[in-house]
Each structure stands twice: as C-alpha cells, then as structure tokens.
J.: 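So that we are looking at the same thing, I have put the structure below in structure tokens.
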There are 2 protein chains.
Amino acid sequence: MATSRSKRELDGLDAEILLALVEDPDATTVSLAQRLSVSRNTIQSRLQKLNDGVLESFQRRITPRALGYEVTAFMNASIRQGYDKQTMKALSEIPEIVEIYATTGDADLRLTIAATSPEDLYRVNQLILDISGIVRTSTAVVLREFLGYRTKPLLERITE
Amino acid sequence: MATSRSKRELDGLDAEILLALVEDPDATTVSLAQRLSVSRNTIQSRLQKLNDGVLESFQRRITPRALGYEVTAFMNASIRQGYDKQTMKALSEIPEIVEIYATTGDADLRLTIAATSPEDLYRVNQLILDISGIVRTSTAVVLREFLGYRTKPLLERITE
DNA sequence: AAACTTATTGGGCATTATGCTCAAAAGTCC
DNA sequence: GGACTTTTGAGCATAATGCCCAATAAGTTT
C-alpha cells in the first residue's frame with residue numbers, strides 16, 4: 001500500500017507560517033503576509049484550514065517555572081493491573097502533575113511533576129505513593145535544560 | 001534574609017489573565033477586559049508587565065504529531081565524562097530530538113524523540129548511539145497520553 | 001490622620017487589523 | 001483546451017490597538 005497519509009499534508013507555506021508563529025506567537029495576519037511575501041488573503045485562508053487541524057494543538061504553553069515552580073522532575077511509576085480509571089483520576093487531581101504518559105515497559109507511567117522546592121517534590125511524591133493503584137516510583141530531578149521544547153527543525157524540514 | 005523573591009509575583013488577576021489565554025490563545029485585549037470585568041487599560045498594562053517576564057515562556061507549541069510524527073518516545077542516555085559541548089551539539093543537530101534534559105542519576109540525559117514510525121524511531125536511535133559521547137540508551141515508547149501538558153490547576157491555585 | 005505612592009478607570013483619538021465579499025489572474029491536473 | 005483550485009488585489013464596515021491624559025480608588029509610610 002502507498003503512504004496514504006490520513007493527516008492533512010502540510011506544504012512549505014504552511015510550515016513557514018507555523019515557523020513564523022513559533023517565533024512570534026502574536027504575529028498578525030498582515031505581518032505574516034508581508035514577511036512571507038504572499039497576500040493577506042492567502043494567509044487568512046491558510047490559517048483557517050490550519051485552525052481545524054494543526055492549530056488545535058498549537059496552544060499557548062506556560063512553564064511552571066514562570067509560576068514559581070522551580071523544580072521539575074520526571075517520575076516513573078508502576079501501576080497495578082492495567083490502567084484503572086480510579087488511579088488515573090486520583091493522579092489528575094494532583095495539580096503538580098503536569099503530564100502523564102503510558103509507556104512501553106511493565107505497566108509504566110511517566111509523569112512530569114512541577115514542584116516549588118525539593119521538599120515540595122518529596123511531598124508530592126508521597127501524595128502519589130498514597131494512591132492505591134501506584135506500586136512504586138522512581139524520580140529523576142531535572143538539573144539542567146539543555147534543549148527546551150522545539151519543533152523548529154521539524155518544521156524547517158518541511159519547508160525544504 | 002527574607003524570602004526576597006526575584007521572580008515577579010503573580011497575583012490573582014495575572015493568573016486569571018493567563019488562564020483565559022490558555023483557554024483562548026488568541027483572545028483580544030478587549031475580550032479579556034470584558035471577561036474579567038476590568039478595564040481595557042488594566043489588561044493592557046498587566047500584559048505589558050507579563051510580557052517581560054512570564055509571557056516570554058508563554059509561547060505557542062505545536063505537537064510533532066500534527067506534523068506527521070506519530071511516535072513519541074522518551075529516552076534515557078548516559079554520557080561519558082560530563083556534558084561535553086561536542087556531544088550536546090551533535091544531539092541538537094538531530095531534528096527529531098525535541099527536548100534534552102540533564103537529570104539526577106549517573107550522568108543521565110533524558111531526551112524526547114519524535115519519529116514517524118517505529119522503524120523511524122529505530123533509525124534515530126542509531127543516530128544517537130553513533131555519537132561518540134553517548135554510552136548507552138534505553139527507550140520507552142509512548143503508548144497513550146493520559147494527561148497532556150497542563151498548567152491549569154497550577155494557575156487556578158494562584159487565583160485562589 | 002495626612003501624605004504619598006501605585007493601580008485602576010474612563011475617555012478620547014489616530015492608526016492598524018479583521019472579517020468578509022468579489023472578480024480577475026495564475027497554476028495544476030487530466 | 002477545459003475544469004479545478006489557489007492566489008491575488010481591491011474594497012469596506014467594524015473591531016482592536018497603541019498611545020495619551022486626568023480623575024478616582026486603593027494601599028503604604030510616616
């Protein structure tokens with residue numbers, strides 16, 4: 001079978017628009033048109049199409065650090081017997097848990113945790129361990145951010 | 001010495017503005033003023049102050065999946081003797097590497113990788129292993145996203 | 001209490017951006 | 001060539017922005 005991409009295909013212009021928006025989140029339609037040397041109408045129609053697809057995930061994101069949560073940690077947690085709803089619900093009720101992914105491995109969850117301090121992290125860790133479905137955890141504290149979230153290279157590749 | 005917070009303190013209104021922006025990334029100053037029942041001038045001055053601080057990190061983010069990278073994986077990599085620049089540079093030249101953090105543990109790096117398919121992930125993994133500073137890796141593929149990145153609860157807490 | 005600082009408000013006003021429409025020109029596919 | 005989609009330029013009413021200013025409200029200091 002062929003590639004048959006179900007996703008809407010992004011062309012170079014789409015990618016360039018996204019790139020420009022990554023660099024300047026509040027760029028206006030007019031400024032995008034100037035920058036990319038296309039008409040305003042083109043930008044407008046592209047953005048419209050993008051809005052019902054890619055841009056849904058193109059949300060604003062704020063780092064916990066900006067809110068005073070200085071410590072970030074990644075945590076692996078094992079859970080008992082599958083992903084029961086109660087456990088997941090209990091986890092998502094903890095504000096400091098910023099992400100939860102289920103990964104390959106023995107019923108493993110990977111959590112991202114924001115805490116104000118190491119002691120605070122300990123506290124949150126205890127909260128998590130108190131949840132009945134959680135079996136054991138291992139935590140790795142972030143010492144340094146070498147590369148913050150980026151998709152630029154991925155977008156640039158589409159630009160050709 | 002006192003707490004001496006170097007970070008600008010966010011008050012409830014700031015948090016409410018940020019919350020509104022998380023929900024509607026393209027909200028206008030006018031609409032924010034209406035929604036929060038404060039004057040437009042207030043919103044405008046708050047945003048100005050936020051811009052030189054919190055909002056710098058309040059960027060738009062696009063998920064690799066929207067670009068056709070269906071597979072996300074977390075990878076732990078150990079590196080030889082400290083974080084030498086060459087190794088880090090080599091890593092950041094791989095477009096599929098979306099994040100790099102140094103974490104506690106024996107000289108551990110934690111990478112987030114975007115790949116188009118499992119085979120593609122394997123390819124990227126080989127690329128990484130070919131870097132001289134990298135000793136060994138272990139990869140966990142994301143099976144399911146239980147909780148996408150969120151800071152809402154953290155912001156709501158500030159709102160009181 | 002009085003003085004002082006800071007934040008908020010309401011008003012105005014010129015400039016810019018938006019949303020929408022339309023028809024012509026340019027490309028693309030078969 | 002004909003059919004189709006995309007881009008373009010133009011227009012126009014409405015809305016938003018970026019300033020400015022002075023008055024009021026709120027919070028602090030002495």
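Chain letters run A, B, ... following the sequence lines, proteins first, then strands; residues in each count from 1. Note that the structure is a prediction, hence the values are computed from the model and not measured.
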J.: How does protein reach along nucleotides 13-30 of chain C, written 5' to 3' as B (base within reach of a heavy atom under 4.0 Å), S (only sugar-phosphate), or - (no contact)?
T.: ----SBBBB---------
J.: Strictly by modelled atom types, are Thr29(B) and Arg40(B) linked by a side-chain donor-acceptor pair under 3.5 Å?
T.: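 No, no side-chain donor-acceptor contact under 3.5 Å.
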J.: Counting just side-chain N and O atoms, does Ser39(B) come under 4.0 Å of either OP1 or OP2 of dG10(C)?
T.: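 No, Ser39(B) has no side-chain N/O under 4.0 Å of OP1/OP2 on dG10(C).
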J.: Salt-bridge test for Glu96(A) and Arg157(B): reply yes if a basic N is under 4.0 Å from a carboxylate O, no otherwise.
T.: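 A salt bridge is present here (some side-chain N lies under 4.0 Å from a carboxylate O).
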J.: To the nearest 10°, let me know how far the axis at one end of the helix from dT8(C)-dA23(D) to dC30(C)-dG1(D) is tilted from the axis at the other, five pairs an end.
T.: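 Comparing the first five pairs with the last five, the axes sit 50° apart.
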J.: To the nearest 0.5 angstrom, please state how far the CG atom of Leu32(B) sits from the CG atom of Leu21(B).
T.: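 The CG atom of Leu21(B) is 5.0 Å from CG of Leu32(B), to the nearest 0.5 Å.
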J.: Walking along DNA chain D from 5' to 3', note the first and the last nucleotide with an atom under 4.0 Å from a heavy atom of chain B, and give both.
T.: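 Terminal contacting nucleotides, 5' to 3': dA16(D) to dC20(D).
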J.: By the rule that ILVMFWY residues connect when side-chain heavy atoms come within less than 4.5 angstrom, directly or transitively, which residues belong alongside Val142(A)?
T.: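 So far as hydrophobic clustering goes, Val142(A) is joined with Phe74(A), Tyr101(B).
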J.: For Tyr69(A) and Thr63(A), indicate whether the former's side chain and the latter's backbone hold a donor-acceptor pair under 3.5 Å.
T.: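 No.
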J.: Strictly by salt bridge (Lys or Arg N to Asp or Glu O under 4.0 Å), give each pair with a member in residues 15-26 of chain A just once, sequence neighbours left out.
T.: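 Qualifying pairs, neighbours excluded: Glu23(A)-Arg35(A), Glu23(A)-Lys152(A), Asp26(A)-Arg60(A).
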J.: For residues 84-95 of chain A, dump all side-chain donor-acceptor pairs below 3.5 Å to protein atoms at least two apart in sequence or in another chain.
T.:
unit_1   : atom_1 : unit_2   : atom_2 : d
Asp84(A) : OD1    : Thr87(A) : OG1    : 2.9
Asp84(A) : OD2    : Thr87(A) : N      : 3.3
Asp84(A) : OD2    : Thr87(A) : OG1    : 2.9
Lys89(A) : NZ     : Glu93(A) : OE2    : 3.2
Ser92(A) : OG     : Met88(A) : O      : 2.9
Ser92(A) : OG     : Lys89(A) : O      : 3.1

J.: With Ile113(A) as reference, evaluate Asp120(A), Thr72(A), Ile128(A) under the side-chain contact (heavy atoms from CB on, under 4.5 Å) test and give the passing residue.
T.: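 Testing Ile113(A) for a side-chain contact (heavy atoms from CB on, under 4.5 Å) against Asp120(A), Thr72(A), Ile128(A) leaves exactly one candidate, Ile128(A).
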J.: Under 3.5 Å, is there a donor-acceptor pair between the side chain of Thr112(A) and the main chain of Glu99(A)?
T.: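 No, because the side chain of Thr112(A) does not come within donor-acceptor range (under 3.5 Å) of the backbone of Glu99(A).
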J.: If you take all heavy atoms of Leu154(B) and Pro64(A), which pair is closest and at what distance?
T.: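 Nearest pair, atom of Leu154(B) first, then Pro64(A): CD2-CB, 4.5 Å.
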